[in-house]
J.: 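Have a look at the structure that comes next, please.
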Amino acid sequence: MLLPFPPPSTLSTHCSFVTGMRFALLSFPRRAEISQLPRPVGRIMGNPYPTLELGIRGSFFCGQECFKADSVQKSHKIVHALITASTTSTGDAFEKGTYNPFPNFEYTGSMRPVYPLSGKRTVPDHIPRPEYAADGRPLAEDRAFGAPPTILILEEQEKMRTVSRLGREILDLAASHAKPGITTDEIDEIVHNATIERNAYPSPLNYRNYPKSTCTSINEVICHGIPDKRKLKNGDIINIGFHADLNATYGVGEIDEESKKLIRTTRECLDEAIKICKPGALFRDIGKVIEPIARANGCATVRNYTGHGVNALFHPPPNIPHYAKNKAVGTMKPGMAFTIEPMINLGPNWGDTHWPDNWTATTTDGKRSAQFEETLLITETGVEVLTAARLRCVRAGSTPKLRL
């Protein structure tokens, strides 16, 4: 995915001739210990305010009136920040040694980051590296911004077929492990190792300083979720993606009907958009196909992230919006490779909110979001879906079934 005019801190990742996916990380403050905080006690020294116990040592004064006293208010807010930092997306206590690095952030939904992140995964020396592997800067990509789309020669087209096949293999492998109880960091490790086993570099790793080899976006997370210690739960939906360039959304265990409809709608948006792709078709017409389908199903099309070119660079031109009445320029020509990757939100809101990690984008109202992506090659007679799957999983962790 690519922002129309991307600031470096929010640009997502995708493709070149390898496999992987996206993001960047900020430092975070050290977590204080509850035992080190002042412990206010109600009804002492004539205090008339109510004393309420939250079930956590040091947590008092939960009534509205307790905020009337400045000294109490300060301690109370600190305790509440720590409570927020020590609870998961469902309100359960974090497991020992894990925490929320951004306790004061106003999250739009129930998802929370579960830190610490694991260390940077290593890549063997014999595997060629992209230019950003060392310092995170894709300079060639930046220089290509605004240039005409690249026309791939036959040899380059074959390379795209190879890497797309590898990417599909890895995505299907990752999806087969997405079951309740596994952490998203463990999924990232599976993707990383599978990529290395295929003598490829996981493209997202260190792209604009993104710390992981894949992206795992759960529930209200639209895109660019950083794999961490959060365990998948029955009823979640998760998008897994990496450079090839492709991604897909899966249900974890048994999901509700609303989530099933969202996933079906998102897949339909992509499939119908692919049907119009051929030499001479306008890039701006892709959004004209997608948005009416989303609206008819009570959903909104995210506007701040787009499809993009795919070749030796991760996110080269063209820029491909997924909404109607966009201003994208250019026509499709044989030899062009690019992605279509609609992000569809439940309800009418298409906006996004970024977490302080500068990568994770969520819906503004906390409702769920889904995404599917394929890499396409325009041919002389139409379009080839390079990342197409003969088998498609009905839900994460399930046995793949033939797509009919």
Side-chain angles (χ1 to χ4, degrees), residues 1-14 20-26 28 89 100-102 105-115 117 184 187-188 204 207-228 230 236-243 245-249 259 262-263 266 269-270 287 290-291 294 299-308 314-315 319-323 339-373:
M1 301 158 217
L2 187 63
L3 284 171
F5 299 98
S9 63
T10 57
L11 184 62
S12 106
T13 59
H14 272 49
M21 184 131 184
R22 42 214 182 221
F23 320 24
L25 175 67
L26 289 179
F28 46 85
S89 59
N100 174 1
F102 314 116
F105 180 71
E106 294 185 6
Y107 296 92
T108 63
S110 61
M111 285 296 300
R112 301 290 184 274
V114 183
Y115 277 43
L117 297 180
T184 52
I187 292 175
D188 181 75
Y207 177 81
R208 300 188 187 275
N209 300 314
Y210 180 66
K212 297 297 177 181
S213 298
T214 190
C215 164
T216 52
S217 302
I218 302 172
N219 299 340
E220 73 266 21
V221 178
I222 297 171
C223 60
H224 302 169
I226 299 175
D228 60 17
R230 200 266 193 190
D236 284 341
I237 62 173
I238 179 173
N239 177 274
I240 304 173
F242 43 88
H243 182 186
D245 191 3
L246 74 166
N247 69 59
T249 300
S259 296
L262 171 65
I263 292 174
T266 307
C269 287
L270 175 56
I290 291 172
E291 188 162 37
C299 298
T301 305
V302 174
R303 298 190 172 205
N304 290 337
Y305 295 92
T306 71
H308 53 85
F314 212 158
H315 295 91
N319 184 50
I320 303 173
H322 302 112
Y323 56 91
T339 70
I340 303 177
E341 46 185 295
M343 289 138 276
I344 307 298
N345 297 346
L346 279 173
N349 297 321
W350 55 261
D352 60 90
T353 297
H354 278 86
W355 285 2
D357 62 19
N358 271 9
W359 284 103
T360 306
T362 69
T363 57
T364 57
D365 54 12
K367 293 183 178 180
R368 292 188 170 191
S369 183
Q371 182 187 16
F372 284 90
E373 175 186 21

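Since the structure is predicted, the reported quantities are computational estimates derived from the model, not experimental observations.
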J.: Please find the pair of heavy atoms, one from Tyr207 and one from His315, that lie closest to each other, and give the distance.
T.: OH-ND1, 3.0 Å
J.: For Ala294, enumerate each residue passing the side chain to side chain contact (heavy atoms under 4.5 Å, CB included) test, keeping only those at least two apart in sequence or located in another chain.
T.: Cys269, Cys299, Thr301, Ile344
J.: Output the distance between atom OG (Ser259) and atom CG (Asp236), rounded to the nearest 0.5 Å.
T.: 9.0 Å
J.: Quick check: closest heavy atoms across Pro342 and Thr266, and the distance to 0.1 Å?
T.: O-CG2, 3.7 Å
J.: Without swapping roles, check the side chain of Arg112 against the backbone of Gly109 for a donor-acceptor pair under 3.5 Å.
T.: yes
J.: Can you tell me if Asn100 and Tyr107 form a side-chain donor-acceptor pair at under 3.5 Å?
T.: yes
J.: Any idea which heavy atoms bring Ser217 and Gly225 closest together, and the distance?
T.: OG-N, 3.2 Å
J.: With side-chain contact (heavy atoms from CB on, under 4.5 Å) as the test, pick out the partner of Pro113 among Asp228, Ile226, Asp357, Thr360.
T.: Asp228
J.: Is there side-chain contact between Thr108 and Asp365, with at least one heavy-atom pair below 4.5 Å?
T.: no
J.: Excluding sequence neighbours, so at least two apart, what forms salt bridge (charged side-chain N to carboxylate O under 4.0 Å, His left out) with Glu220?
T.: none
J.: Between Ile237 and Arg368, is any pair of side-chain heavy atoms under 4.5 Å apart?
T.: yes
J.: Roughly how far, to the nearest 0.5 Å, is CG of Asn349 from OG1 of Thr363?
T.: 8.0 Å
J.: Would you mind reporting whether Thr353 and Phe105 have side-chain heavy atoms less than 4.5 Å apart?
T.: yes
J.: To the closest 0.5 Å, what do you measure between CG (Leu117) and OG1 (Thr184)?
T.: 9.0 Å
J.: Rounded at 0.5 Å granularity, tell me how far OG1 in Thr362 sits from CD1 in Ile218.
T.: 13.0 Å
J.: Would Asn345 and Ser369 count as having a side-chain donor-acceptor pair, cut-off 3.5 Å?
T.: yes
J.: Taking side chain as C-beta onward, heavy atoms only, is Ile240 less than 4.5 Å from Thr214?
T.: yes
J.: Of all residues at least two apart in sequence or in a different chain, which pass the side-chain hydrogen bond (donor to acceptor under 3.5 Å, both in side chains) check with Asp352?
T.: Asn304, His354
J.: Would a distance-only check, ignoring hydrogens and angles, find a side-chain to backbone donor-acceptor pair under 3.5 Å from Glu341 to Gln371?
T.: no
J.: Calculate, to the nearest 0.5 Å, the distance between atoms OG1 and OH belonging to Thr306 and Tyr323 respectively.
T.: 8.5 Å
J.: Side-chain contact, heavy-atom cut-off 4.5 Å: Ile290 with Ile340?
T.: yes
J.: Between Trp350 and Glu291, is any pair of side-chain heavy atoms under 4.5 Å apart?
T.: no
J.: Nearest 0.5 Å, what's the CG-CE distance between Asn239 and Met343?
T.: 9.0 Å
